[in-house]
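Note sheet for the following structure.
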Amino acid sequence: MMESCCGLLTAQKEPVPLKSIEVELEVRDHVATVVSTLNYENKEDKPVEAVFVFPLPGDAAVCHFSAKLGQTQIVAEVKEKQEAREEYDDALSSGQQAFLLEESQQSPDIFSLSVGSLPPGESASIRLEYVTELAVQADDGLRFSLPAVLNPRYQPQGSEGSSVQVTSVPASLVPYSLSLSARVSSARPVSKVESSCSLDPLQYLNTDQTQATIKLSAGHKFDRDVELLIYYKDAHQPTAVVEAGQASAKQGSLMGDPVVMVSLYPEFPQSVMSTVASRGEFVFLLDRSGSMECSLNNSKQEETRISSARDTLLLLLKSLPMGCYFNIYSFGSSFEHIFPKSVEYSQQTMEEALKKVEEMDANLGGTEILMPLRHIYSQPCIPNQPRQLFVFTDGEVGNTKEIIDLVKRNSGSHRCFSFGIGEGASSALINGLAKEGGGHAQFIKGTDRMQPKVMQSLRFALQPAVVDVSVTWDLPKGVSVTALSPPITALFQGQRSLIYAQLTGQSSEAAEGSVTVKYSLAGHPSQNQLNFSLKPAEDTGSTVHRLAARTLIRSLEMEEREKREEKDGVKKKVVELSVQSGVSSSFTAFIAVNKTDGEAIQGPLLRRNIPTTSMYMRRSHPAALQACSVRSPRVYSSLVRCYFRNAPLRNTHQKEKKSNMKKGLGLSKKSSWDVCPDTNGATASQSPRDPLLQLVSLQKASGCWQLDPALAAALGKTSEEVEKSNPALVNNEEWATILALIWLHGFKMDAKEEWELLAMKAVSWLRAQNALRVTDCVDAGNALLGSSVQKDALGL
């Protein structure tokens, strides 16, 4: 007979104490303040401890945590992590209620929230607040992402620390609801807000449209992260915001002094930007773990992550300049490379690489990215060919900090461009790779296409590298400045650079200061200067101080991992800064204990793990699953059930356990650990190739096209029609290349970002041929294809 249960249940038929999550978002220009309220209710007949492991943006500054029990409000304090854990355990042991919030040791985008001793029939509301900067997109939108998906993170054998425990369920089984409302304000009008999720209409609050509200439509399915793209008119002007120090904090300290946040958008000379570098070593690193077989945007009908990556590599290889070098690596539990070392780009090497790319599937097992990175960095750099590394991954790794540290140690030898593919990609990993590698990060989610985002990054990679960056301040007498941000290592046209600094000393309210960023671009010295008032803004609260504290904490944490001898001293600095600013770190935690006089909570404490959405479940064997209890190690990979509060597992035990599990389940090293949601046995049918990719695939490495039946078919014509229309005395390759350019400009302008670079290469090839009768060719091509493209539009 089935056991009858009421209320929300986990997969193990256990009640879920978390009922709903309410999110209030306030966006001011490019900074967001997020307040999440988690509502709990214990419908069981025994007290429970609810443990919820969930994602947050990797660069968020978590700055407030409190609990409301009936009419009692308990505000948490930031304490050293071990001290906070002991206080939490002691409170539970003595029958008190306690609440603990802590950041994962391995990745700053995963948090664990423990709600301890919730008595039968009782409710609790947990309030969590963080601030974060919004990333600038290629189309000038500002991106806010509320992670709703947390896929299990692959923890390679031998990596440091214990893995993060994730209790996952498919999106359709998430047993709690999510609501989100946002208020957007700026000095400039809000033009629109877009999302891959369903939104209620934008409501303006004033006539000049500088303030607006928007809501997530009811019934969010948890099948994707909640992403908002916010657009302002006349976006992205350089700004500086000065925020007054807290009166209660000690003068001279970070929280006691004013802090300035400077946003710069460098504008490079057009003469430099119009030239594209013809040199470079381009190394592409592609994730081929099992989870890359998942659909790109959660729809069974759509392309998979790996197929989209293959199409993107085709565009990349066709867009590379002659004279550069390249190689392609792919990884899972092991890694492969197409060439033993980077080779010069030619028709032969391009064809060889494309043939291998066509054969690439998501069949290499787990997500072990350290091994191929170490191999790439061990290869000597090619003189006068700056190394540009492109990393494509769905970002589901447990050793994020190890990977980022490795990239930082090698930052002097390359630039790193990263791409997070699909829902649940780790923002800490993707942003960290680009930040420490002096490159640019992109996320491909919802209905995004991968190709335009990747081609934007290739344009950045082909820009001359900015070197010798320096920041100088000009401030009134008596005011000194302390930099809180790490030195700027990368500047890109139109992309924001943020600088935080502490201002110490006294000045009149009318005083002004200036900051100047100097740099060298393609041998040309350049600079951007911004003048600003030292008068503090009136309505920012402590937002700027908290973002500055978070920036400094992250820098110190990285320093602590690098400096073996001075570890304790740096860790002490992090703890002091975290406690002083009220911003979380990897060495501290938020702890709240209900110390009001009341009866001790009696009875055994039941542990309940709150599930998060996973876009796929790990592969496991049915017979083994039946034998697994809630507390048993999972049979899938090395994500052993190990909570943040437990001591790290010994690697020998972990390896032995994993090895035995794999033997028992008949899983080989190459088996796919990560598998996607069941598609009812359906396999993706071979859909006809996209016409744009069909045409692009025919382009030669030099930039030209050949006149052949394949080109005619891609243009939708017969070979006879194409050959007959060729003006007299025109070379076949020149005619074919002009036809391809007319087709791109006439029929694929909506995808211009994807083909612009390879079209520039085609135009350069035509110029080098001193092509004759170009005007006649363009007229004949328009007549053949039924278009009306002007010769000037082609760049000829």
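Residue indices begin at 1 and follow the sequence shown.
Every residue meeting the side chain to side chain contact (heavy atoms under 4.5 Å, CB included) condition with S198, not counting sequence neighbours, appears here in chain and number order: S217. Every residue was checked against the side chain to side chain donor-acceptor pair (under 3.5 Å) condition with S319, not counting sequence neighbours, and none meets it. In this view, R496 satisfies the salt bridge (Lys or Arg N to Asp or Glu O under 4.0 Å) rule with no residue, not counting sequence neighbours. The side chain to side chain contact (heavy atoms under 4.5 Å, CB included) test applied to A710 returns L698, D708, not counting sequence neighbours. Take A441 and apply the side chain to side chain contact (heavy atoms under 4.5 Å, CB included) test, not counting sequence neighbours, and it matches S418, I430, N431, A434.
Salt bridge annotation for K748-E753: absent, with no cationic side-chain nitrogen under 4.0 angstrom from a carboxylate oxygen. Under 4.0 Å is where a charged nitrogen must lie from a carboxylate oxygen, and between K356 and E359 no such pair does.
Note: H440 and F460 have perpendicular aromatic rings, judged against thresholds of 30 and 60 degrees for the angle between ring planes.
Each of L228, L134, L229, I230 was checked for a side chain to side chain contact (heavy atoms under 4.5 Å, CB included) with R143, and the lone residue meeting it is L229.
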Stepwise side chain to side chain donor-acceptor pair (under 3.5 Å) check, S342 with E281:
CA-CA 7 Å; S342 292; E281 179 196 8; 2.6 Å; yes
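Taking the ring centre of F331 as origin, the terminal cationic atom of R288 falls outside the region bounded by 6.0 Å and 45° from the ring axis.
For residues 306-318, the pairs satisfying salt bridge (charged side-chain N to carboxylate O under 4.0 Å, His left out) are R310-D361, with sequence neighbours left out.
Between F52 and Y176, a ring centre-to-centre spacing shorter than 6.0 Å is recorded.
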